[in-house]
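Heads up: the structure comes next, in structure tokens.
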Amino acid sequence: ETGVTQTPRHLVMGMTNKKSLKCEQHLGHNAMYWYKQSAKKPLELMFVYNFKEQTENNSVPSRFSPECPNSSHLFLHLHTLQPEDSALYLCASSPLNYGDGYTFGSGTRLTVV
Amino acid sequence: QKEVEQDPGPLSVPEGAIVSLNCTYSNSAFQYFMWYRQYSRKGPELLMYTYSSGNKEDGRFTAQVDKSSKYISLFIRDSQPSDSATYLCAMSEGGGADGLTFGKGTHLIIQP
């Protein structure tokens with residue numbers, strides 16, 4: 001384990017479902033991130049939270065809704081997704097001065113059917 | 001526009017060879033450069049972190065940054081089958097939590 005835990009590891013959902021992805025870190029980091037990883041594409045930054053405050057929303061559709069109740073937990077709420085949203089969703093955390101880089105979780109493999 | 005170019009491979013080399021992985025970028029404001037390694041079904045893990053231009057060595061790994069050419073490299077000496085993975089370059093303008101811009105990753109295969 002890297003210190004960043006994501007659940008579930010795999011998720012299959014229909015286009016009308018509502019589900020949530022969970023991320024938890026106990027590294028003492030103050031910043032948390034959601035990234036989307038699709039085949040043959042670079043990791044795409046979705047959301048950034050610093051000290052529980054959202055500081056970046058990278059033009060993500062509203063069917064993705066993040067929540068950061070405290071600096072250790074991050075959620076991504078999903079509703080009415082499309083098949084093209086199928087991807088690996090990665091959570092990461094870092095200190096504000098990320099001299100040690102980001103620490104990533106193992107991701108949630110999402111399939112929308 | 002932020003953009004990082006990286007050859008997706010696959011790059012296949014025999015065990016023991018020196019591997020060279022590269023990225024080019026267009027944003028001259030990038031100052032922080034990283035290399036991540038990602039095994040199948042795992043998240044990326046940080047290998048090397050470099051600020052501005054220059055070289056950095058850690059064991060069998062050497063990272064080079066040439067800001068004048070907007071070109072970064074990762075060298076792996078005495079490559080091992082366990083080095084088989086996808087290598088992602090990443091970079092950012094600031095040292096704070098403003099998010100990273102990634103390349104697509106290069107899939108590396110080390111043949112025993």
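Letters A, B, ... mirror the listed sequences (proteins, then strands); counts begin at 1.
- A/W34 and A/M13 end up in the same hydrophobic cluster when Ile, Leu, Val, Met, Phe, Trp and Tyr side chains are linked at under 4.5 Å.
- Applying a 4.5 Å heavy-atom cutoff, none of the residues of residues 77-85 of chain A approach chain B.
- Annotation for A/L27: atom CG counts as buried by contact number, over 12 foreign heavy atoms lying within 6.0 Å.
- Looking at B/Q6, neither its backbone nor its side chain comes within 4.5 Å of chain A, counting heavy atoms on both sides.
- Atom CE of B/M34 is separated from atom OH of A/Y102 by 7.5 Å, given to the nearest 0.5 angstrom.
- A/Y35 places no side-chain N or O within 3.5 Å of a backbone atom of B/G99 that could act as its donor or acceptor partner.
- Taken together through direct or relayed side-chain contacts under 4.5 Å among Ile, Leu, Val, Met, Phe, Trp and Tyr, B/Y71 and B/Y32 form parts of separate hydrophobic clusters.
- Note that OG of A/S94 and CG of B/L100 are 8.0 Å apart. Values are rounded to the nearest 0.5 Å.
- Counting heavy-atom neighbours within 6.0 Å of B/K42 NZ, excluding the residue itself, gives a total of 12 or less.
- Linking ILVMFWY residues whenever their side-chain heavy atoms come closer than 4.5 Å, directly or via other members, places B/I72 and B/F61 in the same cluster.
- With respect to chain B, the highest number of heavy-atom pairs below 4.5 Å among A/M32, A/K41, A/Q37, A/H29 belongs to A/Q37.
- Only the side chain of A/L90 comes within contact range of chain B, judged by heavy atoms closer than 4.5 Å.
- Proximity of a side-chain donor or acceptor of A/R109 to a complementary backbone N or O of B/R41 within less than 3.5 Å is not detected.
- With hydrophobic clusters built from ILVMFWY side chains whose heavy atoms lie under 4.5 angstrom apart, A/L11 shares a cluster with A/M46.
- Linking ILVMFWY residues whenever their side-chain heavy atoms come closer than 4.5 Å, directly or via other members, places A/Y33 and B/L46 in the same cluster.
- Proximity to chain A (any heavy atom under 4.5 Å) is shown, for B/P8, by neither the backbone nor the side chain.
- In this structure, NZ in B/K104 is found 11.5 Å from OG in A/S38, a value given to the nearest 0.5 Å.
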